[in-house]
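The basis for the numbers below is simple: all heavy atoms, side chains too, and nothing from hydrogens, waters or symmetry mates. Here the structure is a predicted model, which is why all the values come from computation and not from measurement. One-based numbering, in listed order, for ligands and for the atoms of each.
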Amino acid sequence: MRVGIAGAGAAGLATAWLLDGVHDTLLLETRRDVGGNLRSVHPPAGSGTPTALDLGVQEVPLHLAGLTRRLADALGLDSGQWTRVPADRTIIRDGTSARRRADGAGTAHRGTGESSAHAADLLAKHAASWQRDDLAWIVRLEEVVEPWDLPRHVKDEAVYALPASVFGCTLLDARRLSARAVGAFYADRGDGADARTYRLRGGMQALAWQLARQCRSARLVPGAALRRVRRTAGRLEMIDGHGARHAVDAVVLALPAEAARCVLGSLGGAGRTQALLSTYTYRDLVYGVHEDPCYLPADRERWTPSTVTVHGPWAETTTWRARPGGDLFVSQLTHRGTLPRTVLATTAFRTPQPTPQMLSAQAELLSLQGEGGVYFAGHTTTRVDDLDSSLASAVAVARLLAPDSPRLARLAGTTGKEAP
Ligand SMILES: Cc1cc2nc3c(=O)[nH]c(=O)nc-3n(C[C@H](O)[C@H](O)[C@H](O)COP(=O)(O)OP(=O)(O)OC[C@H]3O[C@@H](n4cnc5c(N)ncnc54)[C@H](O)[C@@H]3O)c2cc1C
């Protein structure tokens with residue numbers, strides 16, 4: 001069987017890796033590099049920064065049942081390559097701050113933002129109960145948050161600011177996101193549960209490079225976008241940006257919804273699928289690496305590893321990495337009024353908005369999985385937009401296309417070791 005995959009983000013790469021050696025596999029990727037949202041930059045030698053900086057996926061939980069952990073183990077990325085991400089976070093606006101420790105060490109409040117810290121804790125506790133009680137995914141965040149007994153500005157600046165920064169939307173739009181999909185990022189896992197998150201020292205993109213390297217027989221073509229999928233002589237055909245045609249028996253679209261909708265334009269019978277994909281909305285996110293502490297409080301004593309700044313209708317993050325040669329910052333720059341003095345690198349992303357409409361469309365999209373030989377993997381199919389879920393979507397596709405894949409069995413059987 002010949003399988004064509006489009007999109008070499010985590011989901012497309014993991015699908016190719018799982019099918020490798022079982023099917024004749026082709027993977028098209030529009031960018032020159034693989035990884036999609038796994039995007040790391042390496043500061044120049046001698047800059048005093050020993051490890052890579054991540055502009056896309058920055059941290060993952062590494063609990064033993066998690067797929068990221070099991071995949072990393074299967075790829076030979078041992079525990080020594082993971083490093084813990086400090087969990088201290090501050091929310092600031094107009095000089096007020098709320099400081100929250102999400103590393104299981106309790107909560108530290110500070111300054112005038114005590115009520116904001118309380119709100120963040122409230123979100124963590126409620127989010128856990130939404131999961132436990134199986135709250136419907138179509139319930140909007142505002143439906144559950146508005147009844148809370150908190151001042152208006154605290155709801156906006158603490159509760160809605162957190163998802164607004166993750167999803168690149170306004171505080172107002174954050175209210176309309178799915179409470180469950182948002183809550184998954186903040187849920188308190190309960191006493192004793194490991195709430196720590198980790199990143200790879202060599203950058204999270206190393207996962208993508210390892211996946212690509214270990215695809216021995218799959219053909220990976222970076223710099224070749226999928227333009228169209230059509231049916232010809234009873235087979236599917238993928239046409240890439242160079243005009244090359246690839247006859248395949250199945251197509252896996254591990255693409256953003258907007259790209260997937262475009263490539264299906266010429267495929268007869270895909271009208272419903274296209275309509276579903278058109279309900280997905282995305283927001284721009286621009287990240288930059290810089291040396292200017294312009295987004296942090298003037299008093300260095302008040303800096304925490306992660307800061308969310310609420311400005312106007314937006315909330316944007318800055319992560320701070322102290323290094324021998326001076327401080328380094330990774331900031332969201334999408335809506336800032338003032339840019340840092342020296343920006344060393346920037347990169348842009350599009351991030352899906354987990355609205356109730358999108359989640360309803362997604363459920364129907366999954367019911368069409370495999371129809372006419374077209375499969376979906378990646379964030380178009382995941383209710384929670386995180387790395388673990390994207391990898392799980394690749395596993396789900398591999399189960400349908402290659403149930404006997406030795407790597408599938410290996411992934412299911414990999415137990416992992418204690419977190420580093
Ligand atoms: C800025 C940002 C930060 C994030 N941080 C975290 C985090 O810290 N932890 C976490 O768990 N999750 C995080 N996520 C979510 C995580 O990135 C996603 O859940 C997951 O990586 C998505 O993988 P994917 O393969 O589905 O999609 P993507 O990574 O978007 O990959 C899609 C690929 O398709 C390619 N493509 C597009 N059009 C075409 C075409 N026509 N032909 C061929 N290829 C095409 C793209 O170039 C891209 O490589 C973050 C997301 C973003 C945007």
Side-chain angles (χ1 to χ4, degrees), residues 4-17 26-40 54-63 66-69 71 85 165-168 181 184-185 197-200 203-205 207-208 211-212 220-229 238-242 246 251-265 280 282-288 306 316-317 319 330-334 346-354 376-394 397:
I5 303 169
L13 282 166
T15 308
W17 182 80
L26 167 77
L27 174 53
L28 300 178
E29 166 56 46
T30 188
R31 291 165 54 88
R32 300 239 157 255
D33 203 0
V34 297
N37 295 337
L38 293 164
R39 240 176 270 176
S40 312
D54 283 301
L55 297 185
V57 175
Q58 298 198 8
E59 56 188 279
V60 287
L62 275 191
H63 43 87
L67 261 178
T68 307
R69 178 60 186 260
L71 178 68
V85 177
S165 68
V166 168
F167 295 104
F185 290 92
T197 57
Y198 296 83
R199 64 181 168 80
L200 282 167
M204 292 301 296
Q205 202 173 353
L207 266 181
L211 281 166
L220 172 58
V221 196
L226 173 63
R227 291 281 178 242
R228 264 193 299 155
V229 179
M238 296 166 83
I239 302 167
D240 71 27
H242 305 298
H246 311 273
V251 170
V252 181
L253 299 177
L255 303 173
E258 348 177 72
R261 188 166 55 86
C262 280
V263 303
L264 292 176
Y280 288 60
Y282 286 79
R283 288 279 192 170
D284 292 319
L285 274 180
V286 178
Y287 280 77
S306 174
E316 297 189 280
T317 59
T319 52
V330 175
S331 294
Q332 290 176 329
L333 302 177
T334 329
T346 58
T347 189
F349 300 90
R350 301 266 293 156
T351 188
Q353 305 294 292
F376 289 88
H379 68 258
T380 52
T381 65
T382 62
R383 293 193 282 209
V384 177
D385 184 27
D386 64 4
L387 188 59
D388 249 33
S389 306
S390 257
L391 296 175
S393 75
V397 169

Review point. Salt bridge (Lys or Arg N to Asp or Glu O under 4.0 Å) between Asp54 and Arg39: does it pass, once the steps are laid out?
Key: CA-CA 6 Å; Asp54 283 301; Arg39 240 176 270 176; over 6 Å; no
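The protein heavy atom nearest to atom 10 (C) of ligand 1 is Leu387 N, 3.6 Å. The protein heavy-atom contact nearest to atom 22 (C) of ligand 1 is Ser390 OG, 3.3 Å. The nearest heavy-atom contact from the protein to atom 45 (C) of ligand 1 is Leu255 CD2, 3.3 Å. In this structure, the protein non-hydrogen atom closest to atom 49 (O) of ligand 1 is Glu29 OE1, 2.7 Å.
Here Leu28 has backbone heavy atoms under 4.0 Å from ligand 1, and that is the only part of it that gets that close. For Pro256, every heavy-atom contact with ligand 1 shorter than 4.0 Å involves the side chain, none the backbone. For Ala11, heavy-atom contacts with ligand 1 shorter than 4.0 Å involve the backbone as well as the side chain.
For ligand 1, the polar-atom distance check against Thr351 finds no nitrogen or oxygen pair separated by under 3.5 Å. In terms of N/O distances under 3.5 Å, ligand 1 is approached by Glu59.
Ion pairing of Asp284 with Arg350 is present here, as a side-chain N (NZ or NE/NH1/NH2) and a carboxylate O approach within less than 4.0 Å.
Taking a cut-off of under 4.0 Å to the non-hydrogen atoms of Arg31, the atoms of ligand 1 that pass are 47 (O).
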